[in-house]
K.L.:
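So that we are looking at the same thing, I have put the structure below in structure tokens.
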Amino acid sequence: LIALCRRIKQIVQPKGYSGGKWQFYTVLTWVSCEIIGFMISLMLGKDMIVVLLSGMLCAVGGFLMLQHKARRLPDLKVEDQEWIEEIGKADQQNQY
């Protein structure tokens, strides 16, 4: 779980997002998906090994969805997008 939190932080920090906030989301997603997997397996009346494995698989699936979401986040850094504003200004000056 520590390695997964570090991975999420490496994804979101260069984009300008808070690493700690996304690490909290990682832990929250992992624990909640693991509990959901445990509960579903227990309701189906499976062996304890199957319950543990399904809980882990649900937790990994939850992390993969969160990681996908983090990778699709737009950049918040303004200095990287200044060139876009300059293009717009140059076009406006050429029109007049």
K.L.:
Indicate, with yes or no, if Leu73 and Leu28 share a hydrophobic cluster defined by side-chain heavy-atom contacts under 4.5 Å among Ile, Leu, Val, Met, Phe, Trp and Tyr.
P.N.:
yes

K.L.:
May I have all residue pairs that pass side chain to side chain donor-acceptor pair (under 3.5 Å) and include part of residues 53-69, sequence neighbours excluded?
P.N.:
Ser41-Ser54

K.L.:
Kindly compute the distance separating CG (Leu1) from CD (Gln23), expressed to the nearest 0.5 Å.
P.N.:
10.0 Å

K.L.:
What heavy-atom pair brings Glu34 and Ala59 nearest, and what distance separates the two atoms?
P.N.:
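Reported closest heavy-atom pair: CB-CB, 4.0 Å.
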
K.L.:
To check you understand the geometry: which heavy-atom pair defines the closest contact between Gly19 and Val12, and what is its length?
P.N.:
CA-CG2, 4.1 Å

K.L.:
Rounded to the nearest 0.5 Å, what separates atom CZ in Arg71 from atom NZ in Lys15?
P.N.:
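Nearest 0.5 Å value for the CZ-NZ distance: 9.0 Å.
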
K.L.:
Which value, rounded to the nearest 0.5 Å, describes the distance between Tyr25 atom OH and Leu66 atom CG?
P.N.:
9.5 Å

K.L.:
Report the distance from atom CZ of Arg7 to atom OG1 of Thr26, rounding to the nearest 0.5 Å.
P.N.:
10.5 Å

K.L.:
Are Val27 and Leu57 connected in a single hydrophobic cluster, I mean Ile/Leu/Val/Met/Phe/Trp/Tyr linked by side-chain heavy atoms less than 4.5 Å apart?
P.N.:
no

K.L.:
Considering non-hydrogen atoms only, spot the tightest contact between Phe38 and Val51 and give its length.
P.N.:
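What the structure gives for the nearest pair is CD2-O, 3.2 Å.
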
K.L.:
Which heavy atom in Leu76 sits nearest to a heavy atom in Gly16, and how many Å separate them?
P.N.:
CD1-O, 3.7 Å

K.L.:
Is there a side-chain contact between Tyr17 and Pro74 in this structure, where contact means two heavy atoms from C-beta onward sitting under 4.5 Å apart?
P.N.:
yes

K.L.:
If you compare all heavy atoms of Ile8 against all heavy atoms of Ala70, which two are closest, and at what distance to 0.1 Å?
P.N.:
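Between these two residues, the closest heavy atoms are CD1-CB, 4.3 Å.
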
K.L.:
Between the side chain of Lys9 and the main-chain N/O of Leu4, is any donor-acceptor distance below 3.5 Å?
P.N.:
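No, the answer is negative, given that no donor and acceptor are paired below the 3.5 Å cut-off.
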
K.L.:
Report whether Ile35 and Met56 are members of the same hydrophobic cluster (ILVMFWY, side-chain heavy atoms less than 4.5 Å apart, transitive linking).
P.N.:
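Result: yes, single cluster for both.
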
K.L.:
Out of curiosity, does Val31 fall in the hydrophobic cluster containing Leu52 (side-chain heavy atoms, cut-off under 4.5 Å, transitive links)?
P.N.:
no

K.L.:
List, by chain and then residue number, the residues other than Met65 in its hydrophobic cluster (Ile/Leu/Val/Met/Phe/Trp/Tyr, side-chain heavy atoms under 4.5 Å); write none if there are no others.
P.N.:
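Grouped by the 4.5 Å side-chain rule, Met65 forms a cluster of one, so the answer is none.
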
K.L.:
Checking one residue: Ile36. Which other hydrophobic residues are in its cluster under the side-chain 4.5 Å linking rule?
P.N.:
Ile40, Leu44

K.L.:
Roughly how far, to the nearest 0.5 Å, is the CH2 atom of Trp30 from the SG atom of Cys5?
P.N.:
10.0 Å

K.L.:
Let me confirm one number: the CZ-SG distance from Phe63 to Cys33, rounded to the nearest 0.5 Å.
P.N.:
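Spacing of CZ (Phe63) from SG (Cys33) equals 12.0 Å.
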
